[in-house]
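Below is one structure, written out as C-alpha coordinates; the observations come after it.
These values consider heavy atoms only, across backbone and side chains, with no hydrogens, waters or symmetry-generated copies.
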Amino acid sequence: MKRVITYGTFDLLHYGHINLLKRAKALGDYLIVAISSDEFNWEKKHKKTYFTFEQRKQLVEAIRYVDLVIPEESWDQKTSDVHKYDIDTFAIGDDWTGKFDFLKDEGVDVVYLSRTPEISTTQIKTDLNKNAEKK
(Lines give C-alpha, C1' and ligand atoms only; values in the text may rest on other atoms or scores of the structure.)
Protein backbone atom coordinates (compact mmCIF):
# COMPACT_ATOMS: atom_id res chain seq x y z
CA MET A 1 0.00 0.00 0.00
CA LYS A 2 1.37 3.39 -1.02
CA ARG A 3 0.88 6.01 1.70
CA VAL A 4 0.66 9.76 1.05
CA ILE A 5 0.69 12.63 3.55
CA THR A 6 -0.17 16.29 3.15
CA TYR A 7 -0.35 19.23 5.52
CA GLY A 8 -2.46 22.35 5.77
CA THR A 9 -4.75 24.56 7.78
CA PHE A 10 -7.89 23.75 5.75
CA ASP A 11 -9.85 26.71 7.10
CA LEU A 12 -12.89 27.90 5.13
CA LEU A 13 -12.89 24.66 3.18
CA HIS A 14 -13.40 25.23 -0.56
CA TYR A 15 -13.10 23.42 -3.89
CA GLY A 16 -9.39 24.24 -4.15
CA HIS A 17 -8.84 22.16 -1.01
CA ILE A 18 -10.90 19.32 -2.50
CA ASN A 19 -8.86 19.46 -5.73
CA LEU A 20 -5.62 19.27 -3.76
CA LEU A 21 -6.82 16.32 -1.66
CA LYS A 22 -8.15 14.46 -4.70
CA ARG A 23 -4.82 14.86 -6.49
CA ALA A 24 -2.86 13.88 -3.37
CA LYS A 25 -4.96 10.73 -2.98
CA ALA A 26 -4.31 9.85 -6.64
CA LEU A 27 -0.60 9.57 -5.76
CA GLY A 28 -1.23 6.51 -3.60
CA ASP A 29 -3.70 4.27 -1.82
CA TYR A 30 -3.98 5.87 1.63
CA LEU A 31 -4.08 9.62 2.32
CA ILE A 32 -3.17 11.14 5.68
CA VAL A 33 -3.96 14.81 6.19
CA ALA A 34 -2.17 16.70 8.95
CA ILE A 35 -4.21 19.73 9.96
CA SER A 36 -2.50 22.58 11.77
CA SER A 37 -3.68 22.81 15.37
CA ASP A 38 -5.12 26.08 16.64
CA GLU A 39 -2.03 26.66 18.80
CA PHE A 40 0.41 25.96 15.95
CA ASN A 41 -1.54 28.25 13.62
CA TRP A 42 -1.52 31.12 16.09
CA GLU A 43 1.87 30.76 17.79
CA LYS A 44 4.04 29.65 14.83
CA LYS A 45 2.18 30.58 11.66
CA HIS A 46 0.62 33.77 13.11
CA LYS A 47 -2.72 32.85 11.53
CA LYS A 48 -6.16 33.07 13.08
CA THR A 49 -8.62 30.51 11.77
CA TYR A 50 -12.36 30.90 11.51
CA PHE A 51 -13.04 27.26 12.40
CA THR A 52 -11.45 25.46 15.34
CA PHE A 53 -9.15 22.51 14.83
CA GLU A 54 -11.93 20.07 15.77
CA GLN A 55 -14.33 21.67 13.30
CA ARG A 56 -11.72 21.66 10.50
CA LYS A 57 -10.87 18.04 11.35
CA GLN A 58 -14.53 17.03 11.11
CA LEU A 59 -14.87 18.71 7.70
CA VAL A 60 -11.73 17.10 6.27
CA GLU A 61 -12.63 13.66 7.67
CA ALA A 62 -15.88 13.84 5.70
CA ILE A 63 -14.01 14.07 2.39
CA ARG A 64 -13.95 10.73 0.60
CA TYR A 65 -10.30 11.02 -0.46
CA VAL A 66 -9.08 11.29 3.14
CA ASP A 67 -8.29 8.15 5.14
CA LEU A 68 -6.84 9.65 8.33
CA VAL A 69 -6.59 13.11 9.88
CA ILE A 70 -3.87 13.94 12.40
CA PRO A 71 -2.90 17.21 14.12
CA GLU A 72 0.11 19.21 13.00
CA GLU A 73 1.73 20.63 16.14
CA SER A 74 5.12 21.83 14.83
CA TRP A 75 7.16 22.45 11.70
CA ASP A 76 9.56 19.68 12.73
CA GLN A 77 7.04 16.85 12.95
CA LYS A 78 7.09 16.18 9.21
CA THR A 79 10.28 14.13 9.46
CA SER A 80 8.94 12.03 12.32
CA ASP A 81 5.54 11.64 10.63
CA VAL A 82 7.02 10.14 7.45
CA HIS A 83 8.59 7.41 9.60
CA LYS A 84 5.72 6.98 12.09
CA TYR A 85 3.15 6.52 9.31
CA ASP A 86 5.45 4.72 6.83
CA ILE A 87 4.95 7.43 4.19
CA ASP A 88 5.92 6.93 0.54
CA THR A 89 4.93 10.37 -0.79
CA PHE A 90 4.80 13.82 0.77
CA ALA A 91 2.48 16.12 -1.20
CA ILE A 92 1.80 19.82 -0.68
CA GLY A 93 0.80 22.91 -2.65
CA ASP A 94 3.33 24.36 -5.04
CA ASP A 95 3.49 27.62 -3.08
CA TRP A 96 5.91 25.58 -0.91
CA THR A 97 8.11 24.44 -3.81
CA GLY A 98 11.57 23.47 -2.60
CA LYS A 99 10.80 23.97 1.11
CA PHE A 100 10.38 20.27 1.88
CA ASP A 101 12.98 18.73 -0.41
CA PHE A 102 14.89 17.65 2.72
CA LEU A 103 12.28 14.90 3.13
CA LYS A 104 13.75 13.17 0.09
CA ASP A 105 16.66 12.27 2.39
CA GLU A 106 14.10 10.37 4.51
CA GLY A 107 13.28 8.14 1.54
CA VAL A 108 9.99 9.73 0.44
CA ASP A 109 8.95 11.26 -2.85
CA VAL A 110 8.19 14.96 -2.51
CA VAL A 111 5.47 16.27 -4.83
CA TYR A 112 4.45 19.91 -5.14
CA LEU A 113 0.90 20.09 -6.47
CA SER A 114 -0.31 23.12 -8.40
CA ARG A 115 -2.99 25.05 -6.63
CA THR A 116 -6.40 25.89 -8.04
CA PRO A 117 -5.51 29.38 -9.27
CA GLU A 118 -8.79 31.23 -8.87
CA ILE A 119 -9.52 30.25 -5.25
CA SER A 120 -7.75 30.50 -1.90
CA THR A 121 -8.75 30.99 1.71
CA THR A 122 -6.83 34.27 1.71
CA GLN A 123 -8.83 35.45 -1.32
CA ILE A 124 -12.12 34.45 0.32
CA LYS A 125 -11.22 36.43 3.46
CA THR A 126 -10.18 39.45 1.35
CA ASP A 127 -13.39 39.35 -0.67
CA LEU A 128 -15.53 39.02 2.44
CA ASN A 129 -13.78 41.99 4.05
CA LYS A 130 -14.30 44.09 0.91
CA ASN A 131 -17.99 43.22 0.87
CA ALA A 132 -18.34 44.06 4.57
CA GLU A 133 -16.69 47.46 4.02
CA LYS A 134 -19.14 48.30 1.22
CA LYS A 135 -22.15 47.88 3.50
Side-chain angles (χ1 to χ4, degrees):
M1 178 185 321
K2 190 170 183 185
R3 297 163 79 76
V4 180
I5 195 165
T6 192
Y7 291 76
T9 301
F10 298 98
D11 195 28
L12 301 181
L13 193 66
H14 54 73
Y15 66 91
H17 291 128
I18 304 303
N19 289 342
L20 181 88
L21 296 171
K22 181 179 182 181
R23 292 174 57 225
K25 175 65 176 233
L27 297 171
D29 306 300
Y30 191 86
L31 177 61
I32 300 170
V33 179
I35 299 177
S36 302
S37 70
D38 296 331
E39 297 77 20
F40 180 54
N41 267 327
W42 183 246
E43 294 168 13
K44 301 298 179 190
K45 291 181 165 184
H46 310 292
K47 288 171 129 181
K48 174 77 174 121
T49 58
Y50 182 81
F51 292 112
T52 67
F53 169 80
E54 286 301 324
Q55 291 167 327
R56 291 179 284 123
K57 180 177 185 274
Q58 184 178 8
L59 288 166
V60 173
E61 285 176 333
I63 299 167
R64 68 179 174 187
Y65 309 113
V66 177
D67 296 294
L68 177 65
V69 174
I70 62 171
E72 179 187 25
E73 305 285 353
S74 74
W75 291 113
D76 300 331
Q77 91 178 53
K78 290 169 182 68
T79 301
S80 60
D81 283 350
V82 299
H83 296 291
K84 179 177 180 178
Y85 296 100
D86 195 27
I87 299 301
D88 299 290
T89 304
F90 173 92
I92 199 154
D94 63 1
D95 52 327
W96 293 96
T97 297
K99 302 282 190 208
F100 299 106
D101 287 350
F102 66 90
L103 292 171
K104 294 176 185 177
D105 295 338
E106 304 300 322
V108 299
D109 293 326
V110 177
V111 177
Y112 297 99
L113 299 169
S114 60
R115 299 175 69 93
T116 305
E118 71 278 6
I119 187 74
S120 73
T121 301
T122 302
Q123 187 62 52
I124 291 170
K125 288 178 179 179
T126 300
D127 291 349
L128 289 172
N129 285 333
K130 284 181 189 173
N131 289 337
E133 290 171 3
K134 289 178 183 177
K135 292 182 179 183

Any carboxylate oxygen within less than 4.0 angstrom of a Lys/Arg side-chain nitrogen, looking at [X] and [Y]?
{"X": "Lys78", "Y": "Glu72", "value": "yes"}
{"X": "Asp95", "Y": "Arg115", "value": "yes"}
{"X": "Asp67", "Y": "Lys25", "value": "yes"}
{"X": "Lys48", "Y": "Asp38", "value": "no"}

Has the side chain of Arg56 got a donor or acceptor atom that lies under 3.5 Å from a matching backbone atom of Phe10?
no
Other residues, nucleotides and ligands only: do more than 12 of their heavy atoms fall within 6.0 Å of OH on Tyr50?
no
Heavy atoms of other groups near Glu61 CD, more than 12 under 6.0 Å:
yes
Go through it in stages, so that I can follow the logic: the residues are Thr9 and Lys45, the test is side chain to side chain donor-acceptor pair (under 3.5 Å), and I'd like the CA-CA distance, side-chain angles, deciding distance and then a yes or no.
CA-CA 10 Å; Thr9 301; Lys45 291 181 165 184; 3.2 Å; yes
Identified side chain to side chain contact (heavy atoms under 4.5 Å, CB included) partner of Tyr30 from the options Ile87, Asp86, Asp88, Leu68:
Leu68
Quick one: which of Asp11, Val60, Leu59 gives a side chain to side chain contact (heavy atoms under 4.5 Å, CB included) with Ile35?
Val60
What's the shortest heavy-atom distance between Thr6 and Ala91, and which atoms?
OG1-O, 2.6 Å
If you compare all heavy atoms of Ala24 against all heavy atoms of Val4, which two are closest, and at what distance to 0.1 Å?
O-CG1, 3.6 Å
Distance flag, aromatic centroids of Trp96 and Tyr7, threshold under 6.0 Å:
no
Chi angles and distances behind the side chain to side chain donor-acceptor pair (under 3.5 Å) call for Thr52, Gln55:
CA-CA 5 Å; Thr52 67; Gln55 291 167 327; 3.3 Å; yes
Donor + acceptor pair across side chains of Asn19, Thr116 (<3.5 Å)
yes
